[in-house]
Amino acid sequence: MVYVVKVDQDTCNGDGACADNCPNQVFDMVNGKSQPTRADDCVGCMTCVSVCPTGAVTVTEL
Ligand code: SF4
């Protein structure tokens with residue numbers, strides 16, 4: 001499975017919940033916002049989507 005991970009930069013509040021909880025360290029915090037810099041490592045567990053308080057993270061199957 002290949003997953004597309006996106007973080008809406010306008011909605012992201014920079015709390016780092018996705019980065020803290022992703023089992024595969026997909027996210028890096030850049031200038032106070034989350035970036036899915038290692039999206040290729042995503043396994044589609046949806047934890048990041050669940051923990052994001054603003055709904056900024058989306059994960060879709062390619
Ligand atoms: S779905 Fe799971 S593996 Fe993929 S980016 Fe989110 S927390 Fe990480």
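A quick note: this is a predicted structure, and the numbers were derived from the prediction, not measured. We count ligands from 1, going down the list as the structure has it; atoms in each ligand are counted the same way.
- Taking every heavy atom of F27 and a limit of under 4.0 angstrom, the matching atoms of ligand 1 come to 5 (S).
- Of the candidates C45, C18, C48, V59 forms a side-chain contact (heavy atoms from CB on, under 4.5 Å) with just one, namely C48.
- In the displayed structure, D8 atom CG is contacted under 6.0 Å by more than 12 heavy atoms of other residues, nucleotides or ligands.
- Between the side chains of T54 and N13, no donor-acceptor pair of N or O atoms lies under 3.5 Å.
- The shortest non-hydrogen separation linking V49 to V57 is CG2-O, 3.7 Å.
- Listed here is the closest heavy atom pair of D41 and N24: O-ND2, 2.7 Å.
- Listed for the Q9 side chain is a donor-acceptor partner under 3.5 Å among the backbone atoms of S34.
- Protein-derived N/O/S atoms nearer than 2.8 Å to atom 2 (Fe) of ligand 1 total 1, waters excluded.
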